[in-house]
*Asks:* 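Below are the structure tokens for one structure; questions will follow.
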Amino acid sequence: MGKSIDKSQKAIRVLFVAAEADPIIKVGGLGDVTGSLPRALRNLVPAQISGHVLDVRLAIPFHAAIKTRIKDPEFVTSFDVPSHSGPISAQTYLTYIGDLPVYLIDGTPIPPDGPVYNNDTRKDGDKFIFFSLAVLELARALDWQPDILHANDWHTAIAIYDLMLRRSDEAFFENTRSLLTVHNLPYMGAGTDEALAYFDIPPLHDPRLPDWGAYQPLPMGLASADFITTVSPTYAQEIMTPAFGCGLDDFLRQRSKNMVGILNGLDEVAWNPATDKALIENYDRETLSKRAANKKALLEEFSLPPKLDFPLMIMIGRMDYQKGIDLALDGLREISELPWQAIFLGTGDPLMEAKAHELEIEMPFRVRAALRFDIKLSHRMYAGGDMLLMPSRYEPCGLTQMIAMRYGCVPVARATGGLCDTIIDQPSPEKSTGFLFQEATPESTADGLRRAITAYARHDTWQLRQEYAMQQNFSLQHMAEAYAQIYIRLHAT
Ligand code: ADP
């Protein structure tokens with residue numbers, strides 16, 4: 001059972017909605033955050049948040065992949081979601097992540113098989129628009145009036161728009177305030193037009209938005225939200241510029257008084273090399289030498305030569321243009337004369353996967369590409385790799401580099417977005433946590449790698465870098481307090 005909220009205190013009720021949430025279902029960093037943040041919020045004590053209590057509850061779609069794992073969820077309620085061809089029934093089940101109540105919403109638009117996300121957004125339209133409309137209906141069915149509706153990314157942005165449309169007519173939602181968090185701006189839900197029409201959702205003609213924004217979930221949500229957050233301070237600045245704003249930079253500048261960047265926090269219990277059960281050998285900052293056993297085992301696992309004195313690079317993430325996998329591959333080609341080995345873990349764009357496989361064929365003694373989603377392997381790689389390669393073209397926040405640092409794996413990353421806010425690149429190694437390079441080009445990536453490989457050769461100072469990286473506090477608590485303050489402010493308006 002979840003922690004019950006002290007009834008003597010009037011709690012601020014927060015309905016937190018997202019497409020995924022770890023550990024129930026995780027595809028990427030969104031799942032890490034939406035699994036950990038609502039729990040951290042719920043567990044804040046009144047002394048930390050000006051005497052308030054937060055009753056946070058999470059809702060996610062009951063994806064096919066969840067059904068194979070949660071066999072007997074507790075049925076809670078059912079209700080109808082209106083559509084052009086009549087009401088569609090939605091069923092809600094309850095489960096928990098620790099203390100956090102999680103509502104799983106089901107219905108015919110949530111396919112009984114298939115992935116959480118399709119590469120073709122049109123296929124996801126029905127699922128996420130249905131889910132977005134279901135969340136307010138769920139609140140009504142539970143007779144649980146939310147003070148705050150907190151949605152994440154395009155998948156749930158229509159819930160915010162739906163709230164704006166209903167708030168003036170429905171007393172139940174009159175005092176509900178809304179917050180939309182942007183985890184990845186370019187994914188706006190383009191291609192969901194048919195689903196929007198099917199669910200009778202009118203376009204949003206807002207003079208601040210470009211014309212196309214009237215028909216895409218994310219801009220519709222951004223224009224309707226009472227407040228907007230994004231996941232790092234630098235990304236909040238970047239998206240107000242033409243280079244990163246994806247056509248919404250002008251609109252976002254107009255909303256800047258109601259927008260802030262809050263750095264994502266890392267769940268330091270889930271990601272802890274001292275206790276991580278997936279590792280061959282546990283270690284901490286004081287026992288860094290034990291790390292070597294993890295590297296040795298990883299090289300063995302991938303049948304790579306046991307060259308323990310060569311830096312082992314790892315790259316973990318979605319294989320797509322954003323993450324710059326092509327820059328990593330070409331950057332490595334440029335430094336083929338230097339000592340290194342590399343293991344890639346990722347899935348995504350078939351073209352990028354094929355390119356990674358090509359390098360593996362080209363350099364069989366030093367490169368491996370594991371083209372799959374494998375959480376346990378990712379843990380072993382963070383613990384066994386010496387350097388994490390992250391040449392992102394843009395990076396709203398990035399958790400991968402934070403996890404790597406926590407495991408003493410030093411990031412070599414492009415200076416953009418959250419990577420700027422989390423990685424310290426200083427001349428003195430004891431005050432450095434990684435290496436930043438400026439341009440999204442193979443040459444710049446290779447420059448960053450050369451610097452890192454040169455530094456790696458000095459084992460004593462390399463260890464100082466690892467220790468400082470492991471010492472960084474990417475506090476989930478701090479993040480939760482920042483969000484709580486926004487809820488409190490919104491609730492008071
Ligand atoms: P994203 O832009 O995908 O959200 P982040 O760096 O914020 O990127 O988070 C990625 C998260 O997903 C990390 O927890 C990372 O370890 C995990 N991850 C990504 N790809 C894989 C994979 N192929 N196997 C296992 N974990 C993965």
Side-chain angles (χ1 to χ4, degrees), residues 32 232 263-299 307-316 338-343 378-390 395 397-415 418-437 448-479:
D32 285 298
S232 70
L263 193 67
N264 278 341
L266 183 67
D267 183 340
E268 294 187 331
V269 177
W271 295 105
N272 182 357
T275 53
D276 190 331
K277 291 198 171 55
L279 308 194
I280 300 294
E281 183 113 35
N282 289 110
Y283 60 92
D284 60 20
R285 209 151 38 92
E286 264 83 54
T287 55
L288 256 176
S289 58
K290 291 191 186 172
R291 218 178 167 272
N294 293 294
K295 176 169 175 179
K296 194 161 168 283
L298 192 61
L299 292 173
K307 295 191 185 287
L308 290 174
D309 52 335
F310 280 25
L312 175 60
M313 296 172 191
I314 59 163
M315 186 161 173
I316 300 174
L338 296 179
W340 54 264
Q341 293 174 304
I343 303 175
S378 77
H379 284 244
R380 296 197 295 280
M381 286 174 63
Y382 288 120
D386 297 301
M387 298 170 191
L388 174 88
L389 191 42
M390 212 161 165
E395 194 57 75
C397 179
L399 282 178
T400 316
Q401 82 282 11
M402 295 190 213
I403 303 170
M405 284 187 257
R406 178 120 171 93
Y407 280 64
C409 177
V410 173
V412 183
R414 162 115 196 278
L419 297 170
C420 291
D421 295 331
T422 51
I423 298 170
I424 309 167
D425 184 354
Q426 288 284 325
S428 53
E430 68 277 15
K431 288 280 170 248
S432 278
T433 63
F435 298 86
L436 291 169
F437 53 88
L449 288 172
R450 269 191 210 100
R451 282 178 60 217
I453 293 172
T454 308
Y456 182 81
R458 293 272 320 271
H459 285 289
D460 49 341
T461 51
W462 184 261
Q463 188 164 330
L464 294 177
R465 234 181 229 100
Q466 285 179 298
E467 286 171 10
Y468 197 50
M470 291 176 83
Q471 226 175 306
Q472 300 302 302
N473 178 10
F474 300 113
S475 166
L476 193 55
Q477 169 90 13
H478 186 265
M479 175 200 196

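Because only heavy atoms are used, hydrogens play no part in the values below, and waters and symmetry mates are left out as well, while side chains stay in. As the structure is a computational prediction, the values presented were derived from the model and not from experiment.
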*Asks:* Would you name the heavy atoms of L312 and G384 that are closest together and state the gap between them?
*Replies:* CD2-O, 3.7 Å
*Asks:* Keeping the roles fixed (side chain from R406, backbone from E268), state whether a donor-acceptor pair exists under 3.5 Å.
*Replies:* yes
*Asks:* What's the verdict on side-chain contact (heavy atoms from CB on, under 4.5 Å) for V412 and M313, showing C-alpha distance, side-chain angles and the deciding distance?
*Replies:* CA-CA 9 Å; V412 183; M313 296 172 191; over 6 Å; no
*Asks:* Looking at S475 and Q477, would you say the former's side chain and the latter's main chain have a donor-acceptor pair under 3.5 Å?
*Replies:* yes
*Asks:* List the residues meeting salt bridge (Lys or Arg N to Asp or Glu O under 4.0 Å) with D421, not counting sequence neighbours, and say none if there are none.
*Replies:* none
*Asks:* Among all residues two or more places apart in sequence or in another chain, which pass the side-chain contact (heavy atoms from CB on, under 4.5 Å) test with R465?
*Replies:* V410, P429, S432, F435, A455, W462
*Asks:* For A297, which residues count as a side-chain contact (heavy atoms from CB on, under 4.5 Å) partner, sequence neighbours excluded?
*Replies:* I280
*Asks:* Is the shortest heavy-atom distance from the side chain of L388 to the side chain of I403 under 4.5 Å?
*Replies:* no
*Asks:* Measure across C420 and A415 and return the closest heavy-atom pair with its distance rounded to 0.1 Å.
*Replies:* SG-C, 3.4 Å
*Asks:* What is the distance from atom OG1 of T454 to atom CZ of R450, rounded to the nearest 0.5 Å?
*Replies:* 9.0 Å
*Asks:* What heavy-atom pair brings G418 and S232 nearest, and what distance separates the two atoms?
*Replies:* N-OG, 3.4 Å
*Asks:* Could you state the interatomic distance from CD (Q426) to CG (L436), rounded to the nearest 0.5 Å?
*Replies:* 10.0 Å
*Asks:* Taking the side chain as every heavy atom from C-beta outward, state whether D425 and R451 have any pair of such atoms under 4.5 Å apart.
*Replies:* yes
*Asks:* Roughly how far, to the nearest 0.5 Å, is NE2 of H478 from CG of N264?
*Replies:* 13.0 Å
*Asks:* Do the side chains of Q472 and T422 get nearer than 4.5 Å, heavy atoms only?
*Replies:* no
*Asks:* Roughly how far, to the nearest 0.5 Å, is CE of M381 from CG of L298?
*Replies:* 6.5 Å
*Asks:* Is the distance between the ring centroids of Y456 and W340 under 6.0 Å?
*Replies:* no
*Asks:* A side-chain contact here means heavy atoms from C-beta on lying under 4.5 Å apart; do K431 and I424 qualify?
*Replies:* no
*Asks:* Nearest 0.5 angstrom please: I316 CD1 to H379 NE2, how far?
*Replies:* 9.0 Å
*Asks:* Which atom names give the shortest non-hydrogen contact between S378 and W271, and what distance separates them?
*Replies:* OG-CH2, 4.1 Å
*Asks:* For Q471 and E467, does a side-chain donor sit closer than 3.5 Å to a side-chain acceptor?
*Replies:* no
*Asks:* Taking all atoms of both residues into account, what is the closest heavy-atom pair of L389 and M315, and its distance?
*Replies:* O-CG, 3.4 Å
*Asks:* Evaluate the criterion side-chain contact (heavy atoms from CB on, under 4.5 Å) for residue pair Y468 and M405; output intermediate values, then yes/no.
*Replies:* CA-CA 9 Å; Y468 197 50; M405 284 187 257; over 6 Å; no
*Asks:* Is there a side-chain contact (heavy atoms from CB on, under 4.5 Å) between L476 and V269? Walk through the geometry before answering.
*Replies:* CA-CA 10 Å; L476 193 55; V269 177; over 6 Å; no
*Asks:* Taking the side chain from K295 and the backbone from D386, do they hold a donor-acceptor pair closer than 3.5 Å?
*Replies:* no
*Asks:* Has Q463 got a side-chain atom pairing as donor or acceptor with H459's backbone, closer than 3.5 angstrom?
*Replies:* no
*Asks:* Taking N282 for the side chain and D276 for the main chain, is one N or O donor matched with an acceptor at less than 3.5 Å?
*Replies:* yes
*Asks:* Could you note down all residue pairs passing salt bridge (Lys or Arg N to Asp or Glu O under 4.0 Å) where residues 453-464 supplies at least one of them, sequence neighbours left out?
*Replies:* R458-D460
*Asks:* Could I get the full list of side-chain contact (heavy atoms from CB on, under 4.5 Å) partners for A274, not counting sequence neighbours?
*Replies:* N272, D284
*Asks:* For side-chain contact (heavy atoms from CB on, under 4.5 Å), just list the numbers for C397 and L263, CA-CA rounded to whole Å, side-chain angles, deciding distance to a tenth of an Å, and then say yes or no.
*Replies:* CA-CA 7 Å; C397 179; L263 193 67; 3.9 Å; yes
*Asks:* With sequence neighbours excluded, tell me which residues meet side-chain contact (heavy atoms from CB on, under 4.5 Å) with Y283.
*Replies:* P273, L279, T287, L288, K290, R291, N294, A383, Y407, M470
*Asks:* To the nearest 0.5 angstrom, please state how far the SG atom of C409 sits from the CD atom of Q401.
*Replies:* 11.5 Å
